[in-house]
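Single-structure report; data block below.
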2 protein chains.
Amino acid sequence: MISPVYVKIFDDIKLKINSAELKPGDAIDSETTLCKEYGTSRMTVRNGLAMLVNEGYIYSIPGKGNFVKKPEHNKYNLYYDEMNNAINSVDKTKLLEVNIILPDEKLADNLQITKNKRVIMLRRLFYTEGKPIAYDVKYLIYNKGTPIVEKEIEYASFPEMLSKSVSLFTLKKDLLISAQIPDQDIKRYLEIREDLALLVVEQKLYNLENKPMGLGTTFYRGDYIKLEGTGQ
Amino acid sequence: MISPVYVKIFDDIKLKINSAELKPGDAIDSETTLCKEYGTSRMTVRNGLAMLVNEGYIYSIPGKGNFVKKPEHNKYNLYYDEMNNAINSVDKTKLLEVNIILPDEKLADNLQITKNKRVIMLRRLFYTEGKPIAYDVKYLIYNKGTPIVEKEIEYASFPEMLSKSVSLFTLKKDLLISAQIPDQDIKRYLEIREDLALLVVEQKLYNLENKPMGLGTTFYRGDYIKLEGTGQ
DNA sequence: CAGTGGTCTAGACCACAGC
DNA sequence: CTGTGGTCTAGACCACTGC
């Protein structure tokens, strides 16, 4: 098991932090000191420290030194794919409606547009093994020249819908996750007769200038979805 | 507005990717080519490329080159703090019970322990403005010598509870988010009389060896919580 | 003032891709 | 074989910190 010197430096310091030999706020040996300790050049040391910075273990203050960071124990990675989650995946969708509409006050406000700017609305149902498990409504800013291809939209996730008009790299996305009781309409769409909670995911997409590009809400049957997050 | 050369390189290439001049899978100019283009040394170029790698724009294949990555448009950052969310925060907690118990089959299985290994159970209520908004149950592996300090536990988040026995850096965490209808017990605890959905967050904490250290579930009134995720 | 991290140079050798 | 990225050296000057 041979590994580069800078990985050795990274591992050593990481171990000291994990074993609590170095605590948050503590200073790390200076770069020149580490150079001597490992008998290596400064660039190699900095390479190892850069890894620690990238993984959130340390931070540096120019002129002072490198210090152990407080771990962000409230941060999680969430994978949210409208059609796939921890316990189920969508195998069929049904396009209920595609329409160009004029937004009402609230929608215009949310999309930061005037009320005479047209918006694409689409409503879909998601199915798993023949049963409807989610009701989905999306609003997209209408761009002339961006054709609406029903077949493409039917199976597209929200970010993919916008990929024609915006590079996916430039998309900023926000999620809001909540739980609520279904109203009559949704009960009908999802064929819910018993008492059942909905998991509601609201998505908002922005371009790089923070201009809203789309707004969407997906109502999942609570017994058919679990969202999964992983820490660190 | 002066910025280091490597930041300029980073910005230039990022712009090319965002403007779709460079598409996923495309090769970037080689490092030596970039050295000539910017009249700089290889380390400076590599510094800029490292930033692009860290932000998920590119990846490199040794011997071949650097390439534009496909954006991960299903990845979000989720901040989950048991006591604080997008629309409310907990201002009071009530410790219903702290006990050392023997796990039942399911719990022992989940914590990967034998049924004669003791477990700390604690149950809490979270309040906002005098009203109970969440019911919380946690199970922690019992470690001899780790004192249970009620006052500490009462206001601690789950990762903090374990911080005495494990470095917070070493904690791996999993979240499962779902929605369900409250049962009679929870309705009583949360003083729910109307129809209401619960947002349920299950947390599982592991140490570095992937040994489960704790298990917890928090049941939030659906009208008092929204979880917030941000993309990219 | 000496020590720190930030930026940068101009080289080097290596393992690996692809021809 | 040439070209690629991965690792590394031994210096340099700068801005900043703290004494």
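Letters A, B, ... mirror the listed sequences (proteins, then strands); counts begin at 1.
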With [X] via side chain to side chain donor-acceptor pair (under 3.5 Å) - residues at least two apart:
X: B:Ser89; answer: none
X: B:Arg42; answer: B:Glu31
X: B:Tyr224; answer: B:Lys131
X: A:Glu202; answer: B:Lys226

To the nearest Å, how far apart are [X] [atom1] and [N] [atom2]?
X: A:Lys8; N: D:dT7; atom1: NZ; atom2: P; value: 16 Å
X: A:Ile9; N: D:dT7; atom1: CD1; atom2: C1'; value: 12 Å
X: B:Tyr59; N: D:dT4; atom1: OH; atom2: C1'; value: 15 Å
X: B:Tyr38; N: C:dC8; atom1: OH; atom2: P; value: 13 Å

Please tell me if [X] has a side-chain N or O lying less than 4.0 Å from either OP1 or OP2 of [N].
X: A:Asn66; N: C:dT4; value: no
X: B:Ser30; N: D:dG3; value: no
X: B:Tyr6; N: C:dT7; value: yes
X: B:Thr32; N: D:dT4; value: yes

Would you please name every residue forming a side chain to side chain contact (heavy atoms under 4.5 Å, CB included) with [X], sequence neighbours left out?
X: A:Lys64; result: A:Ile61, A:Phe67
X: B:Asn85; result: B:Ile87, B:Asn88, B:Ile225
X: B:Asp26; result: B:Leu22, B:Lys23, B:Val68
X: A:Thr32; result: A:Ser30

Would you say the side-chain atoms of A:Tyr135 and A:Arg123 include a donor-acceptor pair closer than 3.5 Å? yes
What string of B, S and - do you get for nucleotides 9-18 of chain D, 5' to 3', if B is base contact, S is sugar-phosphate-only contact and - is no contact with any protein heavy atom under 4.0 Å? BB-B---BSS
Over 60° means perpendicular and under 30° means parallel, so classify the ring planes of B:Phe10 and B:Tyr57, tilted if in between. perpendicular
Among residues 46-54 of chain B, which ones have heavy-atom contacts with DNA chain C below 4.0 Å? none
What pairs with A:Asp91 under salt bridge (Lys or Arg N to Asp or Glu O under 4.0 Å), at least two apart in sequence or on another chain? none
Determine the stems involving DNA chain D; a stem requires 3 or more consecutive pairs of the Watson-Crick or G-U wobble kind, each with both distances below 3.5 Å, and the answer is none if no such run exists. C:1-16 with D:3-18
